[in-house]
Amino acid sequence: MPQVRVRFAPSPTGVLHLGGARTALFNYLFARHTGGQFLLRIEDTDKERSTEAFTQAILEDMAWMGMRSDEEPVVQSSRLSAHREALQQLIDSGKVYKCYCTPEEREAARQKAEAEKTSYQYDRRCLGKPEQPGVPFVWRFQMPTEGETVVDDLVQGRVVTPNSELEDLVIARQDGSPLYNFVVVIDDAFMGITHVVRGKDHLSNTPKQVQIYRALGYPEPVFAHLPLILGLSKRLRSAGLGAYRDAGYLPSAVSNYIARLGWSHGDQEIFTEEELIEKFDLADVNRAEGALNLDKMAWLNQQHIQMTPPEQLAALLVPFLQKAGFPEMSLDHPRLLPAVATMRARASTLVEMAENCRFYFVDDDALEIDEAAKGKHLTQEACAHLRALADALASTTEDWTEAGIETAVRQFIAAQNLQLKHIAQPCRVALVGAPKGPGLYETMAVLGPASSVARLRLACSHHNP
RNA sequence: GGCCCCGUCGUCUAGCGGUUAGGACACUGGCCUUUCACGCCAGCGACACGGGUUCGAGUCCCGUCGGGGUCACCA
């Protein structure tokens, strides 16, 4: 089997959303899995809508996802002379003809067909017409009218289209510029694409393109049309990848999620990026379209957060902490790494984790305490215990480790004839400002003796001893 | 409307003629526990419908219904 060469061919008319990202990902995974090449082509020939800014944004999003092109991206607009050459080849071989119909004429015919509830197809009225010098024209490709075109699609199976359904399509505008269904064939052939893996919205274009491959004498690639993603329309769903990055999603989780949407490997839900490459196969791609489930994506993100080593997670979290009110935050902040370690199982996004970590980084006297929690847990009696605990801890700071703190606390409880449940929540509220959070001993270990003792005392200052 | 594709729990899916139709998210209950999570256990919940073929159909065929795509001098 010749080496696999696939491409992702976005048009820079918008950002990369989940659907496009999945098409790119399946191409990428297929290439990596087979040891082939993954290429990129920027389809920027729609000059009205294409922008350089979108091109850059798409490249950035793909880099974030870890997908890089194995060769310099091909820019479609730079290939105009090749397109013209191919057009000339078809003119020379008589496979195209000039069509002098005006857009208004076609529109009228189309509307008439619609009014009569019949289907419109160009009627070839210009085929064989004599030359009309000076009159503007477009080039139409002459499709076969007999027989059928068969596409053995790797995902969709055998798709048979009667050639009578194929319209003589326009392949070059009045100004001579070539159209999509024509250039895509030329460029894929030029790039040596062996497998065209794209969205199912291109399925009905495929037989037309196959005819153009044949007319040009190019080898036909294998096609694989991926099911579309349903309901990709509002808010986060329609957003570009950048929105997911900003919302605190890990690229590995996004890859995992969109890969599993339409593809599966038995019952496995969680895949590392390496596993995706190892296990991905176009044969396992579903034909039915699927809908986004943001809850499941959040769950997967949490799973990936838990799988990520704390060092790596800390680095990812820094920008989110900076945005969460700690502009000076850096990777060498002494509390960062241990804080992340305590929070790994407690956040489904980096935004949430940054928010939950705030209490670790605020000044002791700036810690805000939840009012409800204060009323419930920081009672006069509890505060008396906390003050005593603070005193006890202040004198036992030599072994300030999780184990050492636990020993000290348990000794205090025994000496005071208390139970842990009497002081645990008051203590947590004093340290964290809320009735939830990591284990008490690990929390104090991260805060250190000075902050821990200070917070216990500060939290009780509303009750005079 | 023509043509094409699709149809298993609410959602993502396993299944490839014989299964108590399995897993995951969400939801409910329980366990663990200093809280919240994590984790573990249990529950809820599906083969769109109708005909065939077959000893036997979620699996094969046809029809109906439903969903999607496409019918540009866009890509």
Side-chain angles (χ1 to χ4, degrees), chain A residues 9-13 43-50 76 99 101-103 106-107 110 113-114 116-121 136-140 151 153 155-157 159-162 164-167 169-181 183-184 199-207 225 227-228 230-231 257 260-270 284 286-300 302-303 306 342-348 356 373 377 406 409 419-429 432 434-441 443:
Chain A
S11 41
T13 54
E43 306 213 324
D44 60 344
T45 47
D46 184 347
K47 295 180 188 66
E48 299 287 305
R49 298 188 297 154
S50 300
Q76 193 159 61
C99 172
C101 299
T102 64
R106 276 186 306 94
E107 194 48 43
R110 201 194 316 281
E114 193 166 328
E116 291 169 1
K117 293 211 182 281
T118 59
S119 67
Y120 170 79
Q121 192 176 350
F137 64 88
V138 298
W139 286 105
R140 275 193 194 271
V151 176
D153 192 284
V155 172
Q156 304 295 331
V159 179
V160 179
T161 309
S164 57
E165 291 295 324
L166 271 25
E167 184 179 65
L169 51 88
V170 177
I171 62 169
R173 298 182 179 91
Q174 278 186 2
D175 65 4
S177 60
L179 265 357
Y180 171 73
N181 276 307
V183 290
V184 72
K200 210 162 76 171
D201 51 336
H202 288 283
L203 188 56
S204 58
N205 282 330
T206 306
H225 287 93
L228 268 16
L230 257 30
Y257 181 71
R260 271 293 279 100
L261 191 58
W263 169 82
S264 62
H265 184 75
D267 281 340
Q268 187 171 349
E269 297 286 352
I270 298 168
D284 296 322
N286 243 80
R287 291 187 195 179
E289 55 280 271
L292 239 41
N293 182 340
L294 260 24
D295 281 339
K296 187 159 183 176
M297 187 155 85
W299 171 79
L300 255 183
Q302 187 214 79
Q303 297 298 314
Q306 286 191 72
T342 68
M343 216 48 95
R344 267 208 308 175
R346 292 181 166 77
S348 59
N356 291 347
H377 296 292
E406 174 161 9
V409 170
Q419 286 181 287
L420 186 56
K421 66 180 178 186
H422 295 133
I423 63 157
Q425 282 301 75
C427 194
R428 172 168 288 108
V429 170
V432 176
K436 59 181 185 169
L440 235 31
Y441 313 124
T443 301

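All figures in this text were calculated on a predicted structure; none of them were measured in a lab.
Judged by distance alone with a 3.5 Å cut-off, a donor-acceptor contact links the side chain of E269(A) to the base of G23(B). No donor-acceptor contact under 3.5 Å links the side chain of R346(A) to the base of C38(B).
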Sub-3.5 Å pairs of nitrogen or oxygen atoms, protein against nucleotides 16-22 of chain B:
| unit_1 | atom_1 | unit_2 | atom_2 | d |
| --- | --- | --- | --- | --- |
| G22(B) | N2 | D267(A) | OD1 | 2.6 |

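Side-chain atoms of L230(A) lie closest to G68(B) of the nucleotides G68(B), C12(B), C38(B). Looking at the side chain of R287(A), the nearest of the listed nucleotides G68(B), A24(B), C6(B) is C6(B).
L294(A) has its CG atom 15 Å from the C1' atom of G10(B), to the nearest Å. One can place CG of L300(A) at 13 Å from C1' of U13(B), the figure rounded to the nearest angstrom.
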*List the protein contact pattern of nucleotides 25-34 of chain B with one symbol per nucleotide (5' to 3'): B for base contact, S for sugar-phosphate-only contact, - for none; contact means a heavy-atom distance under 4.0 Å.*
BS-------B

*Encode nucleotides 69-75 of chain B as B, S and - characters from 5' to 3', where the letter depends on protein heavy atoms closer than 4.0 Å: B to the base, S only to sugar-phosphate, - to neither.*
SS-SBBB

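With a cut-off of 3.5 Å on both pairing distances, the Watson-Crick or G-U wobble partner of C40(B) is G30(B).
Within 4.0 Å of Q419(A), counting heavy atoms only, lies no atom of the nucleic acid at all. Contacts of G290(A) with the nucleic acid, taken as non-hydrogen atoms under 4.0 Å apart, involve only primed sugar atoms and P, OP1 or OP2. Heavy atoms of E107(A) sit nowhere under 4.0 angstrom from any nucleic acid atom.
Residue order along RNA chain B, read from the 5' end via each residue's closest nucleotide, puts Q156(A) first among L261(A) and Q156(A).
The separation of C12(B) from G45(B), taken at their C1' atoms, amounts to 15 Å, rounded to a whole angstrom.
Classification of the W139(A)-F137(A) ring pair by plane angle, with boundaries at 30° and 60°, yields perpendicular.
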